[in-house]
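Position 1 is the first residue of the sequence; numbering continues from there. Because only heavy atoms are used, hydrogens play no part in the values below, and waters and symmetry mates are left out as well, while side chains stay in.
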Amino acid sequence: MDARLAHGFVEGTDALVCVVDGAGRILLANPALQRFTGRTPERLLGELFVDVFVVPEHRELALDAVARAVATGRAYPQEGDWLTADGTRRLIAMRNNVLTGPDGRPFAVAAVGLDVTEQRRREEALAQRARTDRLTGIPNRHTFFEELGRRLAQEDGVPCGVLFCDLDGFKVVNDVHGHTVGDAVLAEVAARLQAAAGGDDVVARFGGDEFVVLCPGCEEDEVAQLAARVRERVTAPVPTVAGALRVGVSVGGAVGRPGDAPDEVVARADRAMYGAKTRQRRRSER
C-alpha cells in the first residue's frame, strides 16, 4: 500500500520530480516534469539533466552539485532557472535529497521542484512598492535614508551632497485645481529633478511637496550648481489639464562626510532650505 501511495503521489503531483544518478543522468521523471519539458519518458530517461532543463550558464554548477551530493551524502535546497519545452525560463525552488542503496552508499539525488516564478515576482513587486513613492515612482523617504546612511558609513573619505527641495505655491495648485492636477505636478517635478540630477544621484520624495536629492561625491560648489539646475527646471511652466501652471521651489544644500549621522545632514540641508525660502519671501515683499 505504501509503495502504491508513493507511486500515486509522484505520478499525480504538480511538483517537478526528478531523480538523477551521480553522473547527472535521469533515472526518473514524473508526468509533471514530462509536461514541463515537453518530453516523453523515453526522451528523458538516461539523458543528462543539464541537457534537458538547466539553463546553459548553470550547467557546470548543477553537475558539480550532484556529484558533491552523491560523494558526501548531503544535498541542499536550491533555487535555479529551468527551461520549459519552448525555452521559457522559470524559477524553480528545489528540495533535494540523497538516495542510498541497500549497502547505505549514496547513488542518486532526488529533486522535488516547485515553480516559484510568479511568487518571486510578486515578492519583488511588494518590495519595490515598499521602497518607492507610489505617486511619482521615485524612491521614498525610507529608501533615501537607507542609501544616505550606506554612503556615510563608508570609510573612503568621499563626501555626499544633499539637496532639500520644498515647492512654493503648491498648496494653491491643489486648492484651486484639485488633487488630480496637484498629483500631476508632483509627478512632473519628480521627473524634472531626475533630469537635473546626475546618473549616480538619488532623487526621492521626502513627503508631501518635499523632495531630496543625494549627490555622492559632491562638494559644496557642485551642490550649489545642482541647486541652480533644480531651480531652473522646476520653475518652468508645467503643462496640465488645467493649463500651464507654475510652482516655485526653495532649495537648501549640505555636504555630509563619512561618519556623519544621516539625520543631521538632512537637517542641515533642511535649515538651508528654510533660509533660502525666507530670503525669497523677503525679496518678494519689497
Side-chain angles (χ1 to χ4, degrees), residues 132-141 143-145 147-148 151-152 158-257 262 265-286:
T132 305
D133 175 63
R134 292 189 179 185
L135 173 62
T136 61
I138 62 177
N140 58 22
R141 179 190 185 116
T143 303
F144 176 84
F145 270 110
E147 182 62 18
L148 178 58
R151 295 280 184 174
L152 295 176
V158 176
C160 197
V162 171
L163 285 188
F164 200 106
C165 311
D166 182 70
L167 300 185
D168 300 321
F170 178 74
K171 184 177 184 300
V172 174
V173 172
N174 257 347
D175 291 345
V176 173
H177 302 288
H179 290 288
T180 299
V181 172
D183 288 350
V185 170
L186 291 175
E188 176 62 20
V189 167
R192 292 182 180 188
L193 288 172
Q194 288 181 302
D200 293 331
D201 297 349
V202 177
V203 178
R205 186 181 178 197
F206 208 66
D209 59 355
E210 296 176 334
F211 295 84
V212 283
V213 183
L214 173 61
C215 183
C218 288
E219 292 284 5
E220 282 82 357
D221 56 342
E222 295 166 301
V223 171
Q225 293 169 13
L226 177 58
R229 292 200 302 273
V230 165
R231 282 190 289 268
E232 180 182 1
R233 288 178 180 264
V234 170
T235 55
V238 178
T240 72
V241 294
L245 301 176
R246 286 181 179 271
V247 292
V249 61
S250 297
V251 184
V255 175
R257 308 286 175 183
V265 177
V266 172
R268 293 205 307 268
D270 188 21
R271 289 194 294 271
M273 182 275 295
Y274 272 106
K277 188 181 290 288
T278 300
R279 289 191 294 273
Q280 289 178 197
R281 186 182 300 115
R282 287 173 179 170
R283 284 196 296 268
S284 66
E285 291 172 351
R286 289 176 184 173

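Remark: of the listed residues Val203, Val251, Val234, Val251 is the sole one forming a side-chain contact (heavy atoms from CB on, under 4.5 Å) with Cys165. Among the candidates Thr136, Asp133, Asn140, Thr143, the single residue satisfying the side-chain hydrogen bond (donor to acceptor under 3.5 Å, both in side chains) test with Arg205 is Asp133.
Heavy-atom neighbours of Asp175 CG from other residues, nucleotides or ligands within 6.0 Å: above the threshold of 12. The number of heavy-atom neighbours closer than 6.0 Å to CD of Glu219, taken from other residues, nucleotides and ligands shown, is above 12.
Between Cys215 and Leu163 the shortest side-chain heavy-atom distance does not fall below 4.5 Å. Looking at Asp201 and Leu226, their side chains come closer than 4.5 Å, going by heavy atoms from C-beta outward.
Taking CG of Leu245 as the reference point, atom CD of Glu188 lies at 11.5 Å (rounded to 0.5 Å). Separation of atoms CD (Gln225) and CZ (Arg229) is listed at 7.0 Å; rounding is to 0.5 Å. Leu148 CG to Leu214 CG: the interatomic distance, rounded to the nearest 0.5 Å, is 5.5 Å. For the atom pair CD1 (Ile138) and CG (Leu193), the distance works out to 7.0 Å, reported to the nearest 0.5 Å.
Screening residues 209-248 for ring-ring contact (aromatic ring centres under 6.0 Å, His included), with sequence neighbours left out, gives no hits.
What you find for Pro216 and Cys160 is that their closest heavy atoms are CA-SG, 4.3 Å. The minimum heavy-atom distance between Cys218 and Val223, with the atom names listed, is CB-CG2, 4.0 Å. Considering every non-hydrogen atom in both Val202 and Glu147, the closest pair reads CG2-CG, 4.1 Å. The two residues Phe170 and Val247 come nearest to each other via the heavy atoms CA-CG1, 4.3 Å. When every heavy atom of Leu152 is checked against every heavy atom of Gly256, the shortest pair comes out as CD2-C, 3.9 Å. Taking each heavy atom of Phe144 and Ala204 in turn, the nearest pair found is CB-CB, 3.7 Å.
Under a 3.5 Å cut-off, the side chain of Arg192 and the backbone N or O of Arg233 do form a donor-acceptor pair.
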Requested in this report: Decide yes or no on side chain to side chain donor-acceptor pair (under 3.5 Å) for Ser250 and Asp166, but give the supporting numbers first.
Outcome: CA-CA 5 Å; Ser250 297; Asp166 182 70; 5.5 Å; no

Report task. Give the intermediate values and the outcome of side-chain contact (heavy atoms from CB on, under 4.5 Å) for residues Val185 and Asp209. Result -> CA-CA 10 Å; Val185 170; Asp209 59 355; over 6 Å; no

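Taking the six-membered ring where the residue is Trp, Phe206 and Phe145 present tilted rings, their angle falling between 30° and 60°.
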